[in-house]
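Worth knowing before you read on, the calculation uses all heavy atoms, side chains too, and leaves out hydrogens, waters and symmetry mates. Computed from a prediction, not measured in an experiment: that's the story for all the values here.
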Amino acid sequence: MLEYNSAEVEKKWQRKWEENRVFESKEILGKEKYYCLSMFVYPSGNLHMGHVRNYSIGDVFARFYKMKGKNVLHPVGWDAFGLPAENAAIKNNIHPSKWTKQNINRMREQFKSLGISYDWSREFATCDPEYYKWNQWFFIKMWQKGLIFRKNANVNWCPSCNTVLANEQVLNGMCWRCDSRTEHINLEQWFIKITNYADKLLEGNKSLNGWPEQVLAMQRDWIGKSFGAEIDFVLNGLNKKLKIFTTRPDTLFGATFMVTAPEHEIISEIKSEITNYNEVLKYIAASSCKSNIERASSRHKTGVKLEGIKAINPATGKEIPVFTADYVLTTYGTGAIMAVPAHDQRDWEFAKKYNIPVTEVIKGNNSSIEKCAYEDEGILVNSGQFSGIKSAEALNLVSEWVEKQGFGKKTVNFKLKNWLISRQRYWGTPIPMIHCKECGIVPVPEKDLPVVLPEDVKFTGKGESPLKSSETFLNVKCPLCGMDAKRETDTMDTFVDSSWYYLRFCDPLNNHSAFDTAKADYWMPVNQYIGGIEHACMHLVYSRFWYKVMRDLNLAKQDEPFTNLLTQGMVTLNGSAMSKSKGNIVSPDKIIEKYGADTARLFILFAAPPQKQLDWSAEGVEGCWRFINRIWRLFDIVNKKTEFAASEKDKTDILRIMHRTIKKVSIDIEKKTQFNTAISSVIELVNVLYSYKYHSNDDGISMEAYKTVILLMTPFIPHICEEIWEMLGYKEYVSTHMWPGYDESIIETSYIELPVQINGRLKGKIMVPVQIDEDEVKKTVNTNGKIAPYLKDKQIIKFIYVKNKIVTIVVK
RNA sequence: GCUGAGGUGGUGGAAUGGCAGACACGCAGGUCUCAGGAGCCUGUCCCCGCAAGGGCGGUAUGGGUUCAAAUCCCAUCCUCAGCACCA
């Protein structure tokens, strides 16, 4: 038999699959669908091992369910807008669209060399005007629904990318793309009111049983719902109120001062009353120079008292001082707090530093406020009519009292901020709005969509958005009054593109709507979504939000777009992430060239469960290559004629192991998403076939088992399986063959080996019939040569027989 | 600090109340061979033993529940990930 030639075989089947459109799908009413989606790829120019892992995992699901008889949708596309293309334009003087298309062409070939079962007829890129037209259409729909607004806001600015960033895109004060330190500037920007859906997103989290707990927890934290109260504190003699948010209304009587964020507008409103206003201004200026990180990391809280200003604690009626300090965030709650130093550590530190009285209002067992604040539950003291009540109850009682008295109300607060979606860059979806001096902001009429990106643009990397340099783009007539007007030059955050692409895949060629609702109803929701954990609070929140908006626009029926989510682990080399800068990259192309895609896929799927980190191992790859060749050589061994005849026992054994393996692989893929153990059980079956020395005259059972090996391995290593399937005489693709079923009654043996424990230690094993009852087991144990001696002259305290599992005897 | 996931051989990892270490890598030995860095076979948690065999030895540590614990409960330690002055 010839050596296995992976390069030739893989090319052959990739061509056949493509020519015969084996993996193209269409809606078939009455046939159960399965939508499998790996997060689409940014066309950076090169596939890396993380991609290979992502798409190999997706392909196992897609191929498995196809063989199980489901109507599988497994599409592929390109998340093609974004900064790298524009940076390439600046650096290499190549148009972003050209750069992107080159990369797509190259990566498409790489994808094809992996043999992923994609429906290529549905391919699209988000930079196609036929796609981004619908971004614009959705934008206008949301604008009409009041979900989009413009606001002058203090926003995150990346000086290197020259654009603003959403909150989610600032990680530890750094830009998520380029790692530069971000700044805060004041700009007029476009926002989407994602906070309108904060509660619905949180509520929806509870129904996502197919999502990893880790992602749900991250989203929960990110949305950050907390219950509390808003309370107004009167500024004495000023006819003004300072509104605060607290989650601890039970500590209201202990509020001995107030603090506003330095950015709080009240300061300028009452500046004439502040006797040390210059000092306050100086402090505000100093804080604004600090980054969020510097503010948070500074050990010592700083602040300045607003001299001449007194607030009144509405519960005690006492006058208390007001400070401004940058440990209070302008972006959370109302940007001001009531400070309760006895029961909040931050306030405690601040009070100590500025000699503010600390009033204890919650008393716990042995609690003390001498060395630090007491933040736990307890009994209220020094709290007027509420003294003596448990703090847990007081939370509610005080809020209700406050509400009745008319100086506040119960409320909830979210950490989630509205989604800033405008970017001052070229390579994105133009925001379809027109600024008219007379009519204000006017949406582009639907018939004029898409607003296409102009070609006459200069990429200098300096100054304002490149779109502002295009005269043809900039100048338009107002759709309402017909006068000269200007186009909006901001483009959309690329996370808009990825918020609904899974719906476009249901109907990618539609040119009169974003997608046909009936088609989307057929395919949605995505049964299995696969991608990296880094999208937990960005893409996966935005998409869920977008889908809920579409549901409210009657474009979608379900509440959630992704039923099951698998977040694959990182691919590392010697424990650290592969990266260009570290120079520790293993190139997929080289591995495919040397061993073939099957080997690369097998290693990735076998070396670790999909969710865990996977460390690359050259030896491990070598081992997978050996296994693939072992399957290849088994073809001859199974077909070889020998004079040995198989015994009945051999035959039933092999049949039983075969059925057991089918069961194990099916469950591991379908129920446990644990591909490594699925593969190892097939390896065991192959090892069994190697160790049997007959391979003729066994009623074709070893051949049956070999065919089973091929069928079971097809989702993992499809190319070699197709080749062997053809060698076995089949005319159809193994990829479209039915997944094998198993017979529980064959897996069960008539005899079973029972372990026998005495006082918790394994002492031996007995062979017994499956249906055996406890009395029979006792007899067998007592006559067993190995076990009986342990029972001699001993008193049996307990005898436990767990059917078909174990025998345990306790003796004295 | 908060949230979440974890801690098992030389390594990746199996086993989720019932035989710890499946399967693979690595290593060692054998076999075939002119040759082997190919293939095939055997062994490989630890301790005692040449072996057969034996071990209330063994799943981060200490305790507990149970006939039975890697698995459940309590405490402690450690690792990873996310968030972090969110009032």
Side-chain angles (χ1 to χ4, degrees), chain A residues 3 171-172 212-222 224-226 228 244-249 251 255 259 261 292-293 295-299 301 325-329 331-340 343-347 349-350 375 413-416 533-534 536-537 567 569-570 602-603 606-609 611-624 626-627 629-630 633 637 664 674 676-687 690-691 753-765 797-811:
Chain A
E3 279 263 306
L171 312 169
N172 292 324
E213 184 52 42
Q214 190 190 5
V215 174
L216 295 176
M218 282 165 76
Q219 292 200 351
R220 223 160 35 226
D221 284 357
W222 189 259
K225 182 178 190 176
S226 42
I244 61 98
F245 170 74
T246 180
T247 54
R248 293 292 303 274
T251 64
V259 189
N292 283 352
I293 298 256
R295 279 198 191 189
S297 60
S298 72
R299 283 282 167 87
K301 304 204 178 333
D326 62 14
Y327 81 92
V328 172
L329 305 174
T331 49
Y332 184 77
T334 63
I337 60 160
M338 66 173 200
V340 184
H343 306 293
D344 182 290
Q345 187 56 27
R346 298 156 299 185
D347 299 344
E349 286 163 22
F350 196 82
E375 297 184 332
N413 221 305
F414 293 94
K415 284 195 215 172
L416 185 71
I533 186 93
E534 68 274 16
C537 294
T567 49
M570 257 201 317
L602 185 64
F603 169 72
F606 179 59
Q611 299 84 352
K612 283 191 77 166
Q613 183 178 309
L614 165 70
D615 204 53
W616 192 262
S617 147
E619 292 86 3
V621 176
E622 198 73 44
C624 289
R626 284 205 293 266
F627 175 62
N629 279 282
R630 237 164 115 76
R633 283 190 302 272
I637 296 171
K664 168 97 175 125
Q674 195 169 281
N676 53 335
T677 49
I679 293 166
S680 66
S681 70
V682 183
I683 295 177
E684 281 180 74
L685 178 54
V686 168
N687 289 347
Y690 263 85
S691 66
E753 196 180 48
L754 274 185
V756 180
Q757 286 183 340
I758 292 170
N759 290 350
R761 300 299 299 185
L762 182 72
K763 291 296 177 194
K765 290 176 182 181
I797 311 234
K798 234 172 200 175
F799 187 96
I800 297 155
Y801 167 49
V802 183
K803 197 170 179 203
N804 297 341
K805 277 253 166 82
I806 200 163
V807 180
T808 294
I809 307 165
V810 184
V811 299

What does [X] touch in the nucleic acid at a heavy-atom separation under 4.0 angstrom: a base, only the sugar-phosphate, or nothing?
X	result
Ile337(A)	base
Lys612(A)	sugar-phosphate
Gln613(A)	sugar-phosphate
Thr247(A)	sugar-phosphate
Ser226(A)	sugar-phosphate
Val810(A)	sugar-phosphate
Gln674(A)	sugar-phosphate
Val259(A)	nothing

Using both distances under 3.5 Å as the test, list the Watson-Crick or G-U wobble partner of G82(B), or none. C2(B)

From the set [options], return the single nucleotide nearest to any side-chain atom of [X].
X	options	result
Glu213(A)	C25(B), C19(B), A5(B)	A5(B)
Leu171(A)	C83(B), A22(B), A87(B)	C83(B)
Phe245(A)	C67(B), A87(B), C25(B)	A87(B)
Glu753(A)	C23(B), C67(B), C19(B)	C19(B)
Tyr690(A)	A87(B), G13(B), C41(B)	C41(B)
Ala217(A)	A24(B), U3(B), C19(B)	U3(B)
Ile683(A)	C83(B), C67(B), C23(B)	C23(B)
Lys798(A)	C67(B), A22(B), A87(B)	C67(B)
Pro609(A)	A22(B), G13(B), G26(B)	G13(B)
Gln214(A)	G4(B), G13(B), C23(B)	G4(B)

Minimum heavy-atom separation for [X] to [Y], with atom names?
X	Y	value
His343(A)	Glu375(A)	O-CG, 3.5 Å
Asn413(A)	Gly333(A)	ND2-CA, 3.3 Å
Leu754(A)	Asn804(A)	CD2-C, 3.8 Å
Tyr327(A)	Ile337(A)	OH-CD1, 4.0 Å
Met218(A)	Ala536(A)	CE-CB, 3.6 Å

Measuring only the [atom1] atom in each nucleotide, how far is [N] from [M]? A whole number of Å is fine.
N	M	atom1	result
G53(B)	U66(B)	C1'	31 Å
A14(B)	G21(B)	P	15 Å
U71(B)	U16(B)	P	13 Å
A70(B)	G64(B)	P	15 Å
G1(B)	A15(B)	P	34 Å
U79(B)	U31(B)	P	50 Å
A5(B)	G55(B)	P	40 Å
C27(B)	G37(B)	C1'	15 Å

Using a strict 4.0 Å threshold on nitrogen-to-oxygen distance, state whether Arg220(A) and Glu213(A) make a salt bridge. yes

Over how many whole Å does the gap from [X] atom [atom1] to [N] atom [atom2] extend?
X	N	atom1	atom2	answer
Asn687(A)	C40(B)	CG	C1'	12 Å
Gln757(A)	G17(B)	CD	P	16 Å
Ile533(A)	A81(B)	CD1	P	12 Å
Leu762(A)	G57(B)	CG	P	15 Å
Leu216(A)	A5(B)	CG	P	11 Å
Phe603(A)	G13(B)	CZ	P	10 Å

Ignoring hydrogens and angles, are the base of C83(B) and the side chain of Lys415(A) linked by a donor-acceptor pair under 3.5 Å? no

Donor-acceptor pair under 3.5 Å: do we get one between Ser680(A)'s side chain and the base of G13(B)? no

Heavy-atom donor-acceptor pair, Asn759(A) side chain to Val811(A) backbone, under 3.5 Å: yes

Side-chain N or O of Asn676(A) versus OP1/OP2 of G12(B): is the shortest distance under 4.0 Å? no

Any side-chain N or O of Lys763(A) under 4.0 Å from OP1/OP2 of G55(B)? yes

Pull up the glycosidic torsion of G39(B) and say syn or anti, syn being anything within 90° of 0. anti

Can you tell me how the ring of Phe245(A) sits relative to the ring of Tyr332(A), calling it parallel under 30°, perpendicular over 60° and tilted otherwise? perpendicular

